[in-house]
Engineer: 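Structure provided below as structure tokens; questions to follow.
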2 protein chains.
Amino acid sequence: MAVRTLSALAHEGRLSVFRALVKAGPGGMAAGDIARQLKTAANTMSAQLMMLSNAGLIHARRDGRSIIYAVDFEQMSGLLLFLTEDCCGGRAEICAPLAAVATSCCPPKRRQRA
Amino acid sequence: MAVRTLSALAHEGRLSVFRALVKAGPGGMAAGDIARQLKTAANTMSAQLMMLSNAGLIHARRDGRSIIYAVDFEQMSGLLLFLTEDCCGGRAEICAPLAAVATSCCPPKRRQRA
DNA sequence: TATATGTTTCCATAATCCATGAAATATAGA
DNA sequence: TCTATATTTCATGGATTATGGAAACATATA
């Protein structure tokens, strides 16, 4: 549900976590590293990661003692698609600038929606 | 702040209100009409509209006894741009499908929904 | 003025969310 | 095994939020 995803991002700390993970890329980051970088207590960070994970925005994998979190790019894409689908009901003035950004930052390869 | 905007949408009722207003277009809808359509008490609806308004997602104008709410398309576009800007740090796999949707729904040629 | 309609504000209650200390779990290495 | 590191889970108090009844406010009409 979109509300769940939006709720997960509608929090200063969690949004920062998500951005850090986006910046980290597919390789992800260890929970502890995120906590240190954002100066957040380990258990608080754990709760925030749990929230993002439950929303499907990130996923975890274990690597030794660390647990690596990484953005689920498909889910992220899905949220954006939902929002654009929600907004594009015939109103080109909304997504025209969005289209401009999307096409300028991404290769001009056309991809079919899932 | 993005958190404020995301928080405003991260609520079942408010998201429904916002979608109704998006569907209504620039002409907007009267507060009472939205309340009746969504079967919500007038005061509850008022609070939800206030929240969306404070987030800048909608704006109000008076028309006789009614108060008409309409989506602030610029703010809506801004949120989408923020989210895409946040996600597009070199990761074409995210916004490539987004670009496909944006470009397919916005050009004046095709306004057909998928 | 009086009355009806549309919307908001006030208020109380219930529900939910958030951060943190403390304890528990999982892994690695000696 | 013991100890250290990494992370999660539990319990709790405090803050915030959501809802709806009742009242107030704003407008229209007569």
Side-chain angles (χ1 to χ4, degrees), chain A residues 1-21 24 26-72 79, chain B residues 1-21 24 26-72 79:
Chain A
M1 182 164 320
V3 170
R4 194 184 187 86
T5 310
L6 290 166
S7 292
L9 292 176
H11 178 277
E12 199 66 55
R14 293 192 298 261
L15 187 57
S16 298
V17 170
F18 187 73
R19 296 184 101 159
L21 286 178
M29 282 179 83
D33 290 338
I34 310 174
R36 272 182 292 275
Q37 179 178 310
L38 299 181
K39 297 175 174 49
T40 304
N43 51 359
T44 297
M45 177 54 60
S46 181
Q48 296 180 355
L49 289 168
M50 173 84 76
M51 199 101 181
L52 289 169
S53 185
N54 285 340
L57 283 165
I58 65 177
H59 50 74
R61 67 175 189 276
R62 177 172 281 277
D63 176 26
R65 277 178 291 206
S66 296
I67 296 186
I68 312 294
Y69 285 90
V71 171
D72 187 315
L79 172 64
Chain B
M1 174 104 45
V3 169
R4 195 183 186 86
T5 309
L6 289 167
S7 291
L9 292 176
H11 178 277
E12 199 67 56
R14 292 191 299 260
L15 186 56
S16 298
V17 170
F18 186 74
R19 297 185 97 159
L21 287 178
M29 281 179 81
D33 289 338
I34 309 175
R36 274 183 290 275
Q37 178 177 313
L38 299 181
K39 295 176 174 52
T40 304
N43 52 358
T44 297
M45 177 56 59
S46 181
Q48 295 181 356
L49 289 168
M50 174 85 75
M51 199 101 181
L52 289 168
S53 186
N54 286 339
L57 283 166
I58 65 177
H59 50 74
R61 68 176 189 276
R62 175 173 284 277
D63 177 26
R65 277 178 291 206
S66 296
I67 295 185
I68 310 294
Y69 285 90
V71 171
D72 186 314
L79 172 63

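Only heavy atoms go into these numbers, but all of them, side chains included; no hydrogens, no water, no symmetry mates. Chain naming here is simple, since letters A, B, ... match the order of the sequence lines and numbering starts at 1 in each.
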Engineer: Check the distance between C/dT5's C1' and B/D33's CG and give it to me in whole angstrom.
Structural biologist: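 Atom-to-atom, B/D33 to C/dT5, this comes out as 13 Å.
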Engineer: Measure from CZ on B/R65 to C1' on D/dA24 and round the result to the nearest Å.
Structural biologist: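 Rounded to whole Å, this separation is 17 Å.
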Engineer: When the distance from CZ of A/R36 to P of D/dT5 is rounded to whole Å, what number comes out?
Structural biologist: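 Whole-Å distance recorded here is 11 Å.
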Engineer: Between A/T44 and C/dT20, does any side-chain N or O lie under 4.0 Å from OP1 or OP2?
Structural biologist: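 Yes.
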Engineer: Return the minimal non-hydrogen interatomic distance between A/A8 and A/A55, and the atom names on each side.
Structural biologist: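 Heavy atoms of A/A8 and A/A55 come nearest at CB-CB, 3.6 Å.
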Engineer: Between the side chain of A/R62 and the main-chain N/O of A/G64, is any donor-acceptor distance below 3.5 Å?
Structural biologist: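 Yes, the answer is positive, given that a donor and an acceptor are paired below the 3.5 Å cut-off.
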Engineer: Determine whether a donor-acceptor pair (N or O, by modelled atom type, separation under 3.5 Å) exists between the side chain of A/R14 and the backbone of A/Q48.
Structural biologist: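 Checking the backbone N and O of A/Q48 against the side chain of A/R14, no donor-acceptor pair under 3.5 Å is found.
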Engineer: Base, sugar-phosphate, or nothing for A/A42, non-hydrogen atoms under 4.0 angstrom?
Structural biologist: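 Base contact.
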Engineer: Examine distances only and state if a side-chain atom of A/R19 and a backbone atom of A/L21 form a donor-acceptor pair shorter than 3.5 Å.
Structural biologist: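 Side chain of A/R19 to backbone of A/L21, a donor-acceptor pair under 3.5 Å: no, none is there.
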Engineer: Give the rounded distance in Å between these two atoms: CG of A/N54 and C1' of D/dT8.
Structural biologist: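 Roughly 13 Å, once rounded to whole Å.
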Engineer: Rounded to whole Å, how long is the line connecting atom CG of A/D63 with atom P of D/dT7?
Structural biologist: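 It works out to 10 Å between those atoms.
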Engineer: For B/R61 and C/dT7, what is the distance between atoms CZ and C1' respectively, to the nearest whole Å?
Structural biologist: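 Rounding to the nearest Å, CZ of B/R61 and C1' of C/dT7 are 16 Å apart.
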Engineer: Would you say the side-chain atoms of B/S46 pair up with the backbone N or O of B/A42, donor to acceptor, closer than 3.5 Å?
Structural biologist: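 Answer holds: no.
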Engineer: Looking at the side chain of A/I67, which of D/dT7, C/dC18, C/dG21 is the nearest nucleotide?
Structural biologist: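 Minimum distance to the A/I67 side chain belongs to D/dT7.
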Engineer: Please pick, from D/dT7, C/dT8, D/dA18, the nucleotide with the shortest atom-to-atom distance to any side-chain atom of A/A30.
Structural biologist: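 From the listed options, D/dT7 comes nearest.
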Engineer: So, does A/S66 get its side chain near the phosphate of C/dT27, meaning an N or O under 4.0 Å from OP1 or OP2?
Structural biologist: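 Negative; the distance criterion is not met.
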Engineer: Any side-chain N or O of B/Q48 less than 4.0 Å from the OP1 or OP2 oxygen of D/dT19?
Structural biologist: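 B/Q48 to D/dT19 OP1/OP2: side-chain N or O found under 4.0 Å.
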Engineer: Base, sugar-phosphate or nothing for A/M50? Non-hydrogen atoms, less than 4.0 Å.
Structural biologist: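 Sugar-phosphate only.
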Engineer: Select one nucleotide: of C/dT27, C/dG21, D/dG20, the one nearest the side-chain heavy atoms of A/R62.
Structural biologist: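 Nucleotide nearest to A/R62's side chain: C/dT27.
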Engineer: From the list C/dT8, D/dA26, D/dA18, which nucleotide is the closest neighbour of the side chain of B/H11?
Structural biologist: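 Given the options C/dT8, D/dA26, D/dA18, the side chain of B/H11 is closest to D/dA18.
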Engineer: Would you kindly give the CG-to-P distance between A/L49 and D/dT7, to the nearest whole Å?
Structural biologist: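 Taking CG of A/L49 and P of D/dT7, I get 9 Å after rounding.
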Engineer: Check this one for me: any side-chain N or O of B/Y69 less than 4.0 Å away from OP1 or OP2 of C/dT8?
Structural biologist: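 For C/dT8, OP1/OP2 do have a side-chain N/O of B/Y69 under 4.0 Å.
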Engineer: Using atom CE of A/M51 as one end and atom P of D/dT7 as the other, report the distance to the nearest whole Å.
Structural biologist: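 In whole Å, D/dT7 P lies 21 Å from A/M51 CE.
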